[in-house]
Every structure is written in C-alpha cells, then in structure tokens.
> 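Let me give you the structure first, and then I'll get to my questions.
Throughout, protein chains are lettered first and strands after them, A, B, ... in sequence-line order, and every chain is numbered starting at 1. None of the values given here were measured: they were computed from a predicted structure.
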Protein chains: 2
Amino acid sequence: MWANPNSSGLTRIKRFGPLTWWVARPHHPQPQFTTANLQTATVIDGKSIAEEIRSGIDKEVRRMKESIRKVPGLAVILVGERRDSQTYVRNKIKACEEVGIKSIVTEFADGCTEDEVLNALSNYNQDSSINGILVQLPLPQHLDEGKILDAVSLEKDVDGFHPLNIGNLAMRGREPLFIPCTPKGCIELLIRSGVEIMGKNAVVIGRSNIVGLPTSLLLQRHHATVSIVHALTKNPEQITSEADIVIAAAGVANLVRGSWLKPGAVVLDVGTCPVDDPSCEYGYRLMGDVCYEEAMRLASVITPVPGGVGPMTVAMLLSNTLDSAKRAYGFT
Amino acid sequence: MWANPNSSGLTRIKRFGPLTWWVARPHHPQPQFTTANLQTATVIDGKSIAEEIRSGIDKEVRRMKESIRKVPGLAVILVGERRDSQTYVRNKIKACEEVGIKSIVTEFADGCTEDEVLNALSNYNQDSSINGILVQLPLPQHLDEGKILDAVSLEKDVDGFHPLNIGNLAMRGREPLFIPCTPKGCIELLIRSGVEIMGKNAVVIGRSNIVGLPTSLLLQRHHATVSIVHALTKNPEQITSEADIVIAAAGVANLVRGSWLKPGAVVLDVGTCPVDDPSCEYGYRLMGDVCYEEAMRLASVITPVPGGVGPMTVAMLLSNTLDSAKRAYGFT
C-alpha cells in the first residue's frame, strides 16, 4: 500500500485483518539532500513556553487561594506497573506541586477489577475538592477503557477524552468543557509562534483518539483545511508535502522524512518513541516522528523531541484543572 | 482568498468578521472542455437504491408486527412555516406510512417558546411507542438549537445529531447509536456501487454539523484518507482535484466545476439549492453543488440532483427508526 516503501523508510506489516501498521526502519540519509538546501528552521522552545504558562498558572492558583481559600485539585488513577506510565504520572504530580495544585494518586495493581477502578472514579466524581480526574492510559487489556473513561464526570474530564467532549469539540456552534491537552498544547505553540492557522493546509499524521483525532478537530475549529493521514493512506508523502502545517502524531520514529515536507512548512512533532541508546542514562532515548536533521533544512518552524510538544501537554493539563476549579467555584 | 475567483466561478463575500461564504455565480462553460474528453460517468440511481432499501424495511416492519405486535414509531417536531421544512416533513411522514412505521407530527408556530418545544420532546422521550424523535432543522433564530437537540433522548436520536453520538462516531473503538442519515446514505451508495473506500483519498466539501462533519468522520471510519474543504480553504480546486472520492455538501449551486475533478473520480452531490426556473411547476428547481454536465465527462461514478443522495436520506431515517425499535424491543 506504500507507494515506495524504500524511500519512505517504512516496512508494512499486516495485522488484524485489513489493518496495517507503521513500523519504523533504520534511518538512512536521503540522497536528494545536498548542501544546496541549508535553510535552518526556527526551533520552538516548548519547554520555555510551557514554563511561562506554568508560571501564569502558579499566579492564578495563588490568587484563588488568597481570594477564596481554595486550590484546584487533580486526582490521577494509575493502573498497573508500566514504567512509562509511572514516569508520566510522576511528572504530572510534580508539575501540580510546583504551581500549588493539590494532587492525589490512586494506584491499582495490574490485575485489579473494573469495579475497583469505577469505585475510585465515583468517589472522585463526588469529592468537591477534586476538579480534575485523569485516568492514565493505556489501561491493561482486561479493563474496558471506554466504560472507564465514560464514568469520569464531564465537569472533571480534564483530559477531554469523554465522547461528549469530543462531540462538542467536533461540532460547530458548540463548546467542549475541556480540550484534550496535547492538541491544545499544539495550537498554543502555533499561536505563540505567530503561525496563522486559518486558511492554511494542515496535515495531521495519525488518528488516535488522544492526539490525532482531537488535533484535526481543533485545527478545523481554527479554520485550517485539514487532511488526516494514517497507516492506510496510500500516498502520505505526497499529501504531507502539500501542507503548510504538519502535525506528526503517528508514534513512529523517523516516519516523516525531508521529502515529505514542503519548504517553509511548520512542523510539530508529537512523537515520542523510545529507541535503544546505550549512551543514555536509561539505555534509551526518545525520538520523534520527524527526521529532525532533514526537516530542519526545509521547515520554517519546528519543534524538537524532547522539549517541544511534550512539556506543553503537562502545562495544558494544569491549565484545564485550573479552569475546572474556576468554573466549579465561580471564580473569575 | 480564492486563488482565481473567475475560474472558480465564485464571488467571495465577506461577512461576520473573518468568515467568508461561498456564493454561486452564473454558470459559464469552461474553455478547457473539448470533445476530446467525452467519458461518461455511471449515474447512481439513488431513487431506485432507496426504494430497494425501503422495501427491505417494509418487510422487517411486517415481520416485527407479526412477531411481537409492535411497529416502530417516529415523532417529528416542526417549528414555523418554512415551506421547504414542511415539504421535507411531509415526505418523511409519507415514507413512514409506506413502510408501516407509525408517525406523528407536532407543529409549533414560529413564535413558540423553547419550553413548549422541550415539553413536547420530553413527552416523546417518555413515550415507549416512539422509537425515533426528529426535530426538523433549521429552527427559528430565537430557539437554542443546541439545547433542543441535546434534549432528545440518546436512544431515540435517529438523526444522530446529539454531540455524544457525534463523539462516538468520531472516536475509534466506539460505536454511535445512530449515524446521521445523509452521511449514512452516502456511504451506502458508495458500497452498493462497488466503490472501495479504504485507502482512498476522499474530499468532503463543506463542514456542516449535519452533513460535512459526520460524513468526514464516517469516511475515516471506513479508512479513507479524508480532507475537509470549506469556504476558507485557499485552494479547494487543487485539493479536490486529487481526490478519488468527492462528496460535495457546500450547498452552493455549481461550485464544483469539471476542473476540480480528477478523471475517474467518484462524485456524490449532496447539494440541493433552489434556483429560479419559471418552466418548473413551483417556479424553481433544485441544483446540486456539482456542475453535472462537466462532471459527467470526468467522473467514473456520479449522483444526480435530484434522485441521487436525497432519497437515501429518507431511507436511512426509516432504517435508523427501525433499528431503534428493534433495540428497544430486543427484536432481532
């Protein structure tokens, strides 16, 4: 189904009936890149923008505390022993502490029952000191993710993954209570980098419920012309190469090569694939979906991995939790 | 914002701040069409396919009646005196009668209150003989469309316009209770015409909540690569001309010219614009979004207006109402 698997750097693997999946292949520099194209993209410093946002949230939390003696509260439910999930949760909790948001984590063993998780959710739904509830994904296979996410109170769904929130995000004339954190972070980066979205051709690579789908819906709200490229797209390189804005969220290291990009494109890289690297502390490092060196020579603006979109996701979670608390307490 | 307003046959009109609207212009044949391109598209007979579907529904309703002594029930709420809305409602009621679905209409005057409509809805929500509730759109300006549509019981939302239905349509791994009728009819036409959707480049023109948006979501569920073109798209002609499947739902007569189409494209025309025509019985006739004569020479498959997508919308409404009744009565 790939027009030219060799040049795209991918192998197609067939699984689950008609569906195919992207699989990363080793990175071989592409011959068409010569010293002739030496444009260097402006690198968006996501870490510093996120810090700025967190500093603003910190001030707002203080103002709330001084004014009404309340602080926002975030509850996190973590199931199982996935190391990456544990790291993500730890980072979120640390970020809450830094801005004065109260946080609490309920951990369950891998083999817990659905009812145990639903009970914990129900308690947090009723707890008026909790303004945001987050279920760390992915959940173990034996738990019904849809059923569990549906049980999060809409008013506390700070991840924005409830289908009613997604429906309201998709529909014109409606407003979701929360916008999912990573897509919201992407748009924030675009706006703060002075990138106009309205009328631009945007390509979203990947169609996950947590990034690709809500990002495409949010770009449409900002009046971009959006195309959604996925593993079954026959000519992803060609479609992507016509985009003014590329948001890569396939989760495949080095998927997007230089040849996929129009010169001057704005490139946001949401991918964070762990790849083995013995020289790193933990034996691996995170790589994005975009072949950074190649993209640097073509893009006008680009986010690095790490330090691009990633820090914004946590900042937007704090922002959603603060907004939820303001709404709950009628604090403006 | 249009690359070349003259060749696209459109005038741009600025209204409501940054938004622009498509306005149809008189139809001038394009010079690039010569006798050299005389391909003739296969015309999808939507009327006959819809009749076939209705005949199947008729049989199912009889089987239900004989087996459990129940028939599906549809309630329609019509507000105001719009002639087009009255015609649509009359057609739906007639279609119900023909297949044995019980139907009931509650009409309100233009100046009715929101509470009157909400009360009627509430009664239908509670009435176990009613399996589908339909609020004919558009509603008069003074009524809150979102609030009224949200009040339709999810289990009876046969139009599929509730944001929870739209959210479940958008998200992978979830199933909406109902798929909006026109988008469902479009996919049905494609499938019955032997058009493969998976992996194809599809362009949806227009992003209304009732057609464009759900059609784009549904095409994605069928694994097409979807681009959504709208009034703020800078190069709609170019993007559309790369599509294998074009679904035009902008509501602008003759928007899609031959030059917008790739030879061999599949073209579904959802537009129904009334244009003055003294030779017609009512002084006007319905025109599609697609310039039919030009498209006929390029497309491989095309729907006419009228007689294409239109009849399918009503057939899908009957189908959704039947499905709802089967679900309510546990009838398989």
Side-chain angles (χ1 to χ4, degrees), chain A residues 1-2 18-20 144-147 149-150 154 160-176 197-205 207-210 212-214 216-217 219-236 238-239 242-244, chain B residues 1-2 18-20 144-147 149-150 154 160-176 197-205 207-210 212-214 216-217 219-236 238-239 242-244:
Chain A
M1 202 157 289
W2 293 96
L19 293 177
T20 55
D144 184 339
E145 183 182 300
K147 192 174 170 190
L149 292 183
D150 284 0
L154 264 181
F161 295 157
H162 193 291
L164 190 55
N165 257 323
I166 296 289
N168 282 325
L169 179 66
M171 295 174 82
R172 299 186 81 184
R174 291 184 179 260
E175 292 295 332
I197 304 172
M198 185 166 75
K200 293 291 166 64
N201 287 353
V203 164
V204 177
I205 305 175
R207 48 173 176 165
S208 67
N209 284 344
I210 60 177
L213 168 71
S216 67
L217 299 174
L219 284 165
Q220 277 189 72
R221 278 184 101 85
H222 285 264
H223 307 298
T225 300
V226 182
S227 302
I228 301 105
V229 162
H230 50 78
L232 294 172
T233 297
K234 280 185 185 151
N235 45 359
Q238 190 207 319
I239 294 176
E242 290 169 14
D244 305 307
Chain B
M1 201 158 288
W2 293 98
L19 292 178
T20 55
D144 183 340
E145 183 182 299
K147 192 175 169 189
L149 292 184
D150 284 0
L154 264 181
F161 295 156
H162 194 289
L164 190 55
N165 257 324
I166 296 289
N168 282 325
L169 179 66
M171 294 173 83
R172 299 186 82 185
R174 291 182 178 262
E175 292 295 332
I197 304 170
M198 184 166 75
K200 292 292 166 63
N201 287 352
V203 164
V204 177
I205 305 175
R207 49 174 175 164
S208 68
N209 284 344
I210 61 177
L213 168 70
S216 67
L217 298 175
L219 284 165
Q220 277 190 72
R221 278 184 100 86
H222 285 265
H223 307 298
T225 300
V226 182
S227 302
I228 301 106
V229 162
H230 50 79
L232 294 172
T233 297
K234 280 184 183 150
N235 46 358
Q238 190 207 319
I239 294 176
E242 291 169 14
D244 305 306

> Quick one: what part of B/Gln220 sits under 4.5 Å from any heavy atom of chain A, side chain, backbone, both or neither?
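It is both, since atoms from each part get that close.
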> Select one option (side chain, backbone, both, neither) describing which atoms of B/Leu213 are under 4.5 Å from chain A's heavy atoms.
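Only the side chain of B/Leu213 comes within 4.5 Å of chain A.
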> Pick from A/Pro163, A/Ala224, A/Gly146: which one has the most heavy-atom pairs with chain B under 4.5 Å?
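Looking at each option in turn, the highest pair count goes to A/Pro163.
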> Of the non-hydrogen atoms in A/Gln238 and B/Glu242, which two are nearest, and what is the gap between them?
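For A/Gln238 versus B/Glu242, the nearest heavy atoms are NE2-OE1, 3.9 Å.
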> With a 4.5 angstrom heavy-atom cut-off, is it the side chain or the backbone of B/Asn209 that approaches chain A, or both, or neither?
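Side chain only.
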> Report yes if some heavy atom in the side chain of A/Asn201 is under 4.5 Å from a heavy atom in the side chain of B/Asn235; otherwise report no.
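Yes - at least one pair of side-chain heavy atoms lies under 4.5 Å apart.
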> Among all residues two or more places apart in sequence or in another chain, which pass the side-chain hydrogen bond (donor to acceptor under 3.5 Å, both in side chains) test with A/Asn165?
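With neighbours one apart ignored, the set is A/Asp157.
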> So how far is it from A/Leu154 CG to B/Leu164 CG, rounded to the nearest 0.5 Å?
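The CG atom of B/Leu164 is 8.5 Å from CG of A/Leu154, to the nearest 0.5 Å.
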> What part of A/Ala202 gets closer than 4.5 Å to chain B, counting heavy atoms only: side chain, backbone, both or neither?
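A/Ala202 has no heavy atom closer than 4.5 Å to chain B.
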> Quick one, B/Arg207 with A/His223, criterion side-chain contact (heavy atoms from CB on, under 4.5 Å). Give me CA distance, side-chain angles, the key distance, then yes/no.
CA-CA 10 Å; B/Arg207 49 174 175 164; A/His223 307 298; 2.9 Å; yes
> Side-chain contact, heavy-atom cut-off 4.5 Å: B/Arg174 with A/Leu149?
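Contact flag for B/Arg174/A/Leu149 side chains = yes.
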> Could I get the full list of side-chain hydrogen bond (donor to acceptor under 3.5 Å, both in side chains) partners for B/Ser216, not counting sequence neighbours?
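Once residues adjacent in sequence are excluded, B/Ser216 has no partner under the side-chain hydrogen bond (donor to acceptor under 3.5 Å, both in side chains) criterion.
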> To the nearest 0.5 Å, how far apart are NE2 in B/His230 and CZ in A/Arg172?
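That separation rounds to 8.0 Å.
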> Do A/Ile228 and B/Ile228 have side chains that approach each other closer than 4.5 Å (heavy atoms only, starting at C-beta)?
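Touching, per the 4.5 Å side-chain cut-off.
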> With the side chain counted from C-beta on, respond yes when A/Met198 and B/Lys234 share a heavy-atom pair under 4.5 Å apart, and no when they do not.
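In short, these two side chains do not touch, never coming nearer than 4.5 Å.
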> Check whether B/Ile239 gets within reach of chain A through its side chain, its backbone, both or neither, counting any heavy atom under 4.5 Å.
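The answer is the side chain of B/Ile239.
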